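So the structure is just underneath, and the comments pick up after that.
Treat the numbers as computed from the prediction; the structure is a model and nothing was measured.
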Amino acid sequence: MPPAKVPVMQPSVTLCRAQEAHHEAIARNATLDNVRLVAQSAAAAWAKEGLAAHAREERQQRVVAFRELNRTSRNPANDWNSLSENPDRGYADAG
């Protein structure tokens, strides 16, 4: 039996942008070069993650819209089970 899928927490675009801005502010106000470099690196990493989060969220919105469209546009007249002599049973698997 395969292991159950464990849900993975993904950061949102809002969180990524907030963290990016936070680290950019630290980099701007840093007096030490090492602190500035680390903060700039962290800001760049959060910016990259923000792009990925944006793509994930857009993809999720498209999936939800597609599922909703398919759910609401089903026409019972086009349903193969309505053409069967036994609509409650469906068709036997030919393969």
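- In this structure, CG on L15 lies 11.5 Å from NE2 on H22, to the nearest 0.5 angstrom.
- A search for side chain to side chain contact (heavy atoms under 4.5 Å, CB included) contacts involving T14 returns S12, not counting sequence neighbours.
- Atom CD of Q60 and atom CZ of R62 lie 10.0 Å apart (nearest 0.5 Å).
- In terms of modelled atom types and a separation under 3.5 Å, the side chain of E57 and the main chain of V13 share a donor-acceptor contact.
- A salt bridge (charged side-chain N to carboxylate O under 4.0 Å, His left out) check over residues 7-28, counting only residues at least two apart or in different chains, returns the pairs R17-E20.
- In this structure, L32 is a member of the same hydrophobic cluster as I26, with clusters built from ILVMFWY side-chain heavy atoms closer than 4.5 Å.
- In plain terms, the two heavy atoms of P11 and C16 that are nearest each other are CB-SG, 3.9 Å.
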